[in-house]
Amino acid sequence: MPREKKLSKKAAAAAAAVLTTAQNEKDEDDCSVASDRTESTAQLSDEECVSESECYEQKVRDAMDLAVVKSVHTRTNALTALTTAMQKRVLTTFLLDHHQTLSDIAERSLKKGKGAEQVAAARLINLLVLSLSELPQAEEVYKAVSGVLTVTLTDPSMTHTTRLECAHTLSVCTFIACHDLAEVMNAMNKLHSVFAASLPKGNGDLPNHPLGLSSLHTAALSGFCLLLCLLSPATLYTMANKLIKEMCDLLGQSDVDLRIQAGEGVALIYESARTHNAHYYCTQQRTLISVLQDLATDSHKFRAKRDRKHQRASFREIIKTVEGIGNTATGKNASGSTVGVIGNTATAGGGVINELITLGPKHARQELILDSWSLKIQYDSLCKVLNEGLNTHITYNVGVRDVFSLGPPPMQLTPSVASLTKRNHKKINRESPASKARQMTRNKNRDNRAAAKTYDD
């Protein structure tokens, strides 16, 4: 008994070390440089750089070994460490030889684990499929785990957090790795059965759910909207009236995130339906616009100020899409960055969303224009999965770049060059006497200009 306890402590410490190593890496400056690198790394040879990469992969192997020990706490930490390691680096080559082992580990934890272990396993599956997204092995992993994900998602005895993560994982994995329309529709039906519990009852009254269950329904609806992006405009056009009626019912829910997600679903359906028929309007157009206008101008004091602000900003864009007033944005890149031509003309799809996002490390900055609700929903879903690893994957992950048509990835700096660039970057010393004097002089001049109130043409 003392020996097992001692081994468990060592295993937990090793898992924590792997997690710490992955978390200490910098996103923008050196996405592929280990955190424990010193200044002398700038003089590393190619053999030493390879050794550093092998050392990182060895730590991942150690975490894989710890993910099957008896201690629940150690297994959970190991699964979290593996997820963080795959967020910080694109380990596609390494995973070609280990994806089956990782898939088995995650599947076993989902089936036999509980609570936090199941959540960590679902997140690991998401990163595993995303890391293999451009390869056929991603579909193999999806087929192996889709069954257990579906069972866990629809099992009411599971915790809300576990089911929420399974909803995210099932939707993203289906979007990335599933190429069978029948399986896509099956996943959509499962997600629909989850958030359908928030639809009105037989007497027309909306159910009142606790926060955890409302978050689960929001995640299921978000995944459902993500999979709607895979359907052709003609297919979605035939389903539009029924889906919009359900989304309109969800707009009356008390949870602000669920209302906003339902509104984005309405905008996505209109956008796709008008691609098939430019003059499409739903059968309850006036009622829908009235509800959207009320949400876009909501000023009820019983709601939090932040929620009211977020809701009004979201529904102002949604109502423009429904009414058919929009912008156009074209000119996606072929080499990495996007170039947009934006105007104030009405479009056939009625889309008005236009958001510019700058991503990637400092040496490979890229601009991504989200000019449709479909792209926005896809981007938001990837943000939930990748978190701090978004810059790394959207820069070097070929499969993720293909989703946004960003072309081939830029050249990745070697560890030695990246470390040398960081070492030569000099930060301004704000505490030096010269810097303080310069700041005081600038502040004085600013005060004088503000007092004079004179502006030369």
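Numbers here simply count residues along the sequence, with the first being 1.
For L206 against D249, the heavy-atom pair with the smallest separation is CD2-O, 3.7 Å. What you find for G399 and S133 is that their closest heavy atoms are CA-OG, 3.1 Å. A pairwise comparison of heavy atoms in A85 and Y56 identifies O-OH, 3.1 Å as the closest pair. Scanning both residues, L79 and A120, for their nearest heavy atoms gives CB-CB, 3.7 Å. The shortest heavy-atom contact between V400 and H393 is CB-O, 3.9 Å. Considering every non-hydrogen atom in both T162 and G115, the closest pair reads OG1-O, 3.6 Å.
A distance-only check finds a donor-acceptor pair linking the side chain of Q118 to the backbone of L110 [under 3.5 Å]. A donor-acceptor pair under 3.5 Å is formed between the side chain of R75 and the backbone N or O of V69. Panel note: side chain R312, backbone A296; no donor-acceptor pair is recorded below 3.5 Å. Looking at N397, its side chain never comes within 3.5 Å of a backbone N or O of T392 through a donor-acceptor pair. Side chain of S171 to main chain of H168: a donor-acceptor pair is present (N/O by atom type, distance under 3.5 Å, no hydrogens or angles). No donor-acceptor pair under 3.5 Å is formed between the side chain of T92 and the backbone N or O of L132. Using a distance-only test at 3.5 Å, with no hydrogens or angles considered, no donor-acceptor pair links the side chain of S290 to the main chain of R286. Distance alone, capped at 3.5 Å, places no donor-acceptor pair between the E57 side chain and the L91 backbone.
With salt bridges taken as basic N to acidic carboxylate O contacts below 4.0 Å, none links R61 and D65. Ion pairing between a basic and an acidic side chain is recognised when a charged N comes within 4.0 Å of a carboxylate O; D380 and K376 show such pairing. Ion pairing between E107 and K111 holds under the 4.0 Å rule for side-chain N and carboxylate O.
A 4.5 Å side-chain heavy-atom check between E264 and C225 finds every atom pair outside the cut-off. Looking at Q293 and E323, their side chains come closer than 4.5 Å, going by heavy atoms from C-beta outward. Within the 4.5 Å cutoff, side-chain heavy atoms of L230 are placed close to those of L227. Between L295 and R259 the shortest side-chain heavy-atom distance falls below 4.5 Å. Side-chain contact between Y281 and R274 is present, with heavy atoms from C-beta onward closer than 4.5 Å. The shortest distance between side-chain heavy atoms of L191 and M188 does not fall below 4.5 Å. At a threshold of 4.5 Å between non-hydrogen side-chain atoms, the residues E246 and L199 count as touching. Side-chain contact check for S103 versus V145: some heavy-atom pair is nearer than 4.5 Å.
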Ring pair (Phe, Tyr, Trp, His ring centres under 6.0 Å) between H192 and F195: does it pass, once the steps are laid out?
CA-CA 6 Å; H192 183 275; F195 74 80; 4.9 Å; yes
List the steps, then state whether salt bridge (charged side-chain N to carboxylate O under 4.0 Å, His left out) holds for R123 with E165.
CA-CA 7 Å; R123 291 173 179 171; E165 288 299 332; 3.2 Å; yes
Audit row: T101, M64, side-chain contact (heavy atoms from CB on, under 4.5 Å) steps and yes/no
CA-CA 8 Å; T101 304; M64 291 170 59; 3.7 Å; yes
Could you go through the side-chain hydrogen bond (donor to acceptor under 3.5 Å, both in side chains) check for E117 and S109 one step at a time?
CA-CA 6 Å; E117 184 181 357; S109 295; 3.2 Å; yes
Could you go step by step and tell me if L359 and Y379 meet the side-chain contact (heavy atoms from CB on, under 4.5 Å) rule?
CA-CA 12 Å; L359 297 165; Y379 177 80; 3.8 Å; yes
Verdict with reasoning, K384 to S222, per side-chain hydrogen bond (donor to acceptor under 3.5 Å, both in side chains):
CA-CA 11 Å; K384 294 174 185 176; S222 175; 3.2 Å; yes
Walk me through it: do Q311 and R316 pass the test side-chain hydrogen bond (donor to acceptor under 3.5 Å, both in side chains)?
CA-CA 9 Å; Q311 175 180 291; R316 280 196 295 266; over 6 Å; no
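Not counting sequence neighbours, D180 has no partner by the salt bridge (Lys or Arg N to Asp or Glu O under 4.0 Å) test.
Between T235 and S232, the side chains place a donor N or O and an acceptor N or O closer than 3.5 Å (distance only, hydrogens not considered). There is no side-chain donor-acceptor pair under 3.5 Å between T275 and S272.
The 12-atom threshold is not exceeded at CD of Q100, counting heavy atoms of other residues, nucleotides or ligands nearer than 6.0 Å. Sparse packing is recorded around NZ of K309, with 12 or fewer heavy atoms of other residues, nucleotides or ligands lying under 6.0 Å away.
Ring orientation note: the planes of H217 and H209 are nearly perpendicular, at an angle over 60° on the 30°/60° scale. Using cut-offs of 30° and 60° on the angle between ring planes, the pair H98 and F94 is parallel.
Looking at W373, Y237, Y280 one by one, the single match for ring pair (Phe, Tyr, Trp, His ring centres under 6.0 Å) with Y270 turns out to be Y280.
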